[in-house]
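Okay, so here's the structure we're looking at.
Everything numeric here is computed off the predicted structure, so don't read it as measured data.
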Amino acid sequence: MKSNFFKIPVLALAVVSAISALSVEQDEVHGIKIHNMDTSVAPGDNFFRYANGAFLSKTEIPADRTSMSGFSLLTDTVNKRVAAIVEEIRGTKSASNPDSRKVADLYASYMDTGKIDANGMTALKPRLAALAAIHTRRDLAAALGETLRADVDALNNTNFRTANLFGIWVAPGFRDPDHYTAYFMQGGLQLPDRAYYLTDSPRMKDIRDAYLKHIAAMLTLTGYDNVEARAAGILALETAIAQRHLTLAENEDIRKANNVWAASDFAKNAPGLDWSTYFAAADLGKQSEFIVWQPSAVTAEASLVAEMPVDTWKDYLVFHLLEQYSVGISTAAADERFNFAGKVLTGAQQQRPREQRAVLLVSSILGDVVGRAYAERYFTLADKAKVEAMVKNLLIAFRARLRNLTWMSPATRAEALRKLDTLQIGIGYSGKWRSYDGLVIQSDDLFGNLWRASLFDYHYAISRIGKPTDRKEWVMTPQTVNAVNLPLDNGLNFPAAIFGPPFFDPRATDAVNYGAIGTIIGHEISHTFDSEGATFDSRGQVRNWWTDADRAHFDASIEALAKQYDTYAPFPDLHLNGHQTLGENIADLAGLTASHDAWVASLNGQPAPVVGGLTGEQQFFLGFAQSEVGKAREPALRQQVLTDPHSPGEYRADTVRNLDAWYAAFDVKPGQALYLPPSDRVHIW
């Protein structure tokens, strides 16, 4: 899968802020939320607004948010539970329970702004002194190597964007999925995507002007002089890096990412950086080979190390250090970063309450401590059994569709069915919890806690290189509202937190649940066979298991879907990129189709109950559209369109226009805006 089913749009922390009235509605209404619909709109003209128009009209985005959606409402519920768990753990801290002690001390270190302001700059000074001591290109290589950090799951965040010059991801190998390997990635950008540096539009120019001022302000807070010139140099360097980056759409071709370089190849393939010094500083001096995801970008970025002045690189490293650890440096640094990254980039007007941010930090750094308690309390065996029954029906539906495809050859079909039969589907949580032994957390040292946690995660990741793959290990904690396909494991993870309204409600009808969580499950299953999943076999190995004719037919079908999404324009000056979102659009279409099959089969020939005047078919499609409900601030929506492999919810809801059953359910006629002639409806599976 190219990316998680949902993408949290702001600064790696999920949104949290309660809207009590909407939350009450979310809890009390089981099934289709009639009060959120706008029945004055014809379903065939705007199905998203028909399903969600009242929600869009009555919902105001709070000042501390960039969007409001069914996803954020469920996340509110989950985060309230997480806050209660953290509070309880803090109350039971003891010397005999090191994990609870870590939770309590990490929370305390974030909440004590007095100590942050008193100690943060002192803790920062040795890091700044080390950067000031850079004089040679070899010194620079060592400093760049020391900044290398690992990503938890780069394959599910294909637009890998690390503020460090390069990134590393440790995962099962493309060629040897039974062992972990090291993937080397392009990086180096602080803004969300290369487009923010390179797009010549008034809005992007305004963002770059604000960014330039932000860089100067951060350097000023740290005591640097000549900050305007330094800021200009940093922006020029990042722009040069952006020019060398692959686009998100280019990144998603796994076949082009499967490039093995021996450690000795880097000096030859990417001259300009002292690679032996770099890898030694990154604790990778003994690593014999890497899979280089974007060879051209790595080569071009390495050349910049030799071409750009050392002093510019020093300023760049200082600024990126300040950005990464601003919350641990001072209140002023944290506020300045929010003023740009929050207000300018996403449109949020204020930060969320500090207590909520502290809880989210604890849940992020000590995720399995919190997650174990969450899994035990909030995912019942009855819920799990109901979901597993849906999964079983969805697998039957996919199997039937694969067997009945007239265009797929026997050889390709056999491997597709093998992938489906060996698919490992995790529901709720893995039951295998990570140890945090060795991670030092102090109640009066937030900067140090953040620094040590980053290194702890990095060393954990690189320690696995070459070891057998642990296919029981999850990439998400149980309290994560998300879902993921893991093509290198041929597996799926559905964390416990995703199983709540509007995605799953055990008291709603099966039609609604199949339309919502069933489609999500089907979405993830379908990634096994989409434009990316098709490059992995049943073992998770990158291998072409398609005949040329089968692949040509598949590519032609998905090209039609890409063109369909190219026509969608959230703003007059900004269209969706149908190839950037192609994998997710395929999954939405296949998931919706298979879940509809599974729901119909589950009726065993009996009529579905009519509820609130809505037929079962109408409930199914409305359940899907209402699970996509949401509205966003313009900056946040623009950022999503430019950087996210998922289409915005409104256009995901429009997937229905490719299913014949939707036309019958809502009597959609030619001439209506969403009507597609049968020959233009995209059918892939």
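A distance of 6.0 Å or more separates the ring centres of Y374 and Y429. Between F266 and Y278, the distance separating the two ring centers is not shorter than 6.0 angstrom. A centroid separation of 6.0 Å or more is found between the aromatic rings of Y211 and Y196.
Pairing each heavy atom of H579 with each of E559, the nearest pair is NE2-OE1, 2.9 Å. Taking all atoms of both residues into account, the shortest heavy-atom contact from W275 to A302 is CZ2-CB, 3.8 Å. The two residues S303 and A300 come nearest to each other via the heavy atoms OG-O, 2.5 Å. Taking each heavy atom of T643 and Q580 in turn, the nearest pair found is N-NE2, 4.0 Å. Considering every non-hydrogen atom in both V170 and Y180, the closest pair reads CG1-CB, 4.0 Å. Closest of all the heavy-atom pairs between L284 and Y458 is CD1-OH, 3.6 Å.
Y197 meets the ring pair (Phe, Tyr, Trp, His ring centres under 6.0 Å) test with no other residue; sequence neighbours excluded. For the salt bridge (Lys or Arg N to Asp or Glu O under 4.0 Å) test, residues two or more places apart in sequence or in another chain that qualify with E473 are R464. In this view, R551 and D555 satisfy the salt bridge (Lys or Arg N to Asp or Glu O under 4.0 Å) rule, not counting sequence neighbours. With sequence neighbours left out, R194 forms a salt bridge (Lys or Arg N to Asp or Glu O under 4.0 Å) with no residue at all. Take R452 and apply the salt bridge (Lys or Arg N to Asp or Glu O under 4.0 Å) test, not counting sequence neighbours, and it matches D445. For E146, the side-chain contact (heavy atoms from CB on, under 4.5 Å) partners two or more places apart in sequence, or in a different chain, are A281. Applying the side-chain contact (heavy atoms from CB on, under 4.5 Å) test to R175 and every residue at least two apart in sequence or in another chain returns N258, V260. Scored by the side-chain contact (heavy atoms from CB on, under 4.5 Å) test, Q243 finds L198, T239, A240 as partners (sequence neighbours excluded). Qualifying side-chain contact (heavy atoms from CB on, under 4.5 Å) partners for P295, counting only residues two or more places apart in sequence or in other chains: N259, W261, V292.
Within the 3.5 Å criterion, the main-chain N or O of L360 finds no donor-acceptor partner in the side chain of S364. A donor-acceptor pair under 3.5 Å links the side-chain atoms of Y183 to the main chain of F174, judged by distance alone. With Q479 contributing its side chain and V78 its backbone, the two residues share no donor-acceptor pair below 3.5 Å. Between the side chain of N490 and the main chain of G540, no donor-acceptor pair closer than 3.5 Å is present. Panel note: side chain H245, backbone G187; a donor-acceptor pair is recorded below 3.5 Å. A donor-acceptor pair under 3.5 Å is formed between the side chain of T528 and the backbone N or O of I525. With Q287 contributing its side chain and E289 its backbone, the two residues share a donor-acceptor pair below 3.5 Å. Checked by atom type and distance alone, the side chain of E524 never pairs as donor or acceptor with a backbone atom of L492 at under 3.5 Å.
Under a cut-off of 6.0 angstrom, the local environment of CZ in R543 is crowded, with over 12 non-hydrogen atoms contributed by other residues, nucleotides or ligands. Heavy-atom neighbours of R244 CZ from other residues, nucleotides or ligands within 6.0 Å: above the threshold of 12.
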Exercise. Are H459 and I462 close enough, and set up right, to give a side chain to side chain contact (heavy atoms under 4.5 Å, CB included), and what steps lead you there?
Worked result: CA-CA 5 Å; H459 288 132; I462 65 174; 4.0 Å; yes
Problem set entry | K472 and D489: CA distance, side-chain angles, deciding distance, salt bridge (charged side-chain N to carboxylate O under 4.0 Å, His left out) verdict | CA-CA 9 Å; K472 299 298 183 182; D489 293 312; over 6 Å; no
Problem set entry | Steps toward side chain to side chain donor-acceptor pair (under 3.5 Å) verdict (N79, T75) | CA-CA 6 Å; N79 285 334; T75 304; 5.6 Å; no
Problem set entry | salt bridge (charged side-chain N to carboxylate O under 4.0 Å, His left out) assessment of K432 paired with D368 | CA-CA 9 Å; K432 184 171 185 176; D368 274 12; over 6 Å; no
Exercise. Does the ring pair (Phe, Tyr, Trp, His ring centres under 6.0 Å) test come out yes or no for F184 and F166, once each step is laid out?
Worked result: CA-CA 7 Å; F184 205 71; F166 299 110; 5.0 Å; yes
Problem set entry | Check against side chain to side chain contact (heavy atoms under 4.5 Å, CB included), L450 and L446 | CA-CA 6 Å; L450 297 174; L446 179 58; 4.1 Å; yes
For this session: Could you walk me through whether F279 and F290 pass ring pair (Phe, Tyr, Trp, His ring centres under 6.0 Å), step by step?
Result: CA-CA 11 Å; F279 284 129; F290 301 81; 4.7 Å; yes
Problem set entry | side chain to side chain contact (heavy atoms under 4.5 Å, CB included) between K102 and V369, worked out | CA-CA 10 Å; K102 287 182 174 69; V369 178; over 6 Å; no
Exercise. Could you go step by step and tell me if I521 and I425 meet the side chain to side chain contact (heavy atoms under 4.5 Å, CB included) rule?
Worked result: CA-CA 10 Å; I521 295 168; I425 302 179; 6.0 Å; no
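Between the side chains of E584 and H523, at least one donor N or O sits under 3.5 Å from an acceptor N or O. With no hydrogens or angles considered, a side-chain donor-acceptor pair links T247 and E250 at under 3.5 Å. Between the side chains of D176 and T181, no donor-acceptor pair of N or O atoms lies under 3.5 Å.
Residues L148 and N164 form no side-chain contact, since every pair of their non-hydrogen atoms from C-beta on lies 4.5 Å or further apart. Counting heavy atoms from C-beta on, the side chains of S109 and Q442 never come closer than 4.5 Å. Side chains of W474 and T480 form no contact here, defined as non-hydrogen atoms less than 4.5 Å apart. Looking only at side-chain heavy atoms (C-beta outward), W545 and K419 come within less than 4.5 Å of each other. Side-chain contact check for W313 versus I134: every heavy-atom pair is 4.5 Å or farther apart. Contact check for W546 versus N544: side-chain heavy atoms found under the 4.5 Å cut-off. Inter-residue side-chain proximity for P192 and L345 is flagged as met; some heavy-atom pair is nearer than 4.5 Å. With a 4.5 Å cut-off on side-chain heavy atoms, T469 and P177 do not count as touching.
Among residue pairs with one or both ends in residues 317-327, those qualifying as salt bridge (Lys or Arg N to Asp or Glu O under 4.0 Å) are E323-R337; sequence neighbours excluded. Residue pairs satisfying the salt bridge (Lys or Arg N to Asp or Glu O under 4.0 Å) criterion with at least one member in residues 257-283, sequence neighbours excluded, are listed as follows: D265-K268. Under the salt bridge (Lys or Arg N to Asp or Glu O under 4.0 Å) criterion, no residue pair touches residues 294-308, with sequence neighbours excluded.
The pair K314-D139 does not count as a salt bridge, with every side-chain nitrogen at least 4.0 angstrom from each carboxylate oxygen.
Under a cutoff of 6.0 Å and an axis angle of 45°, R127 and F447 do not form a cation-pi pair.
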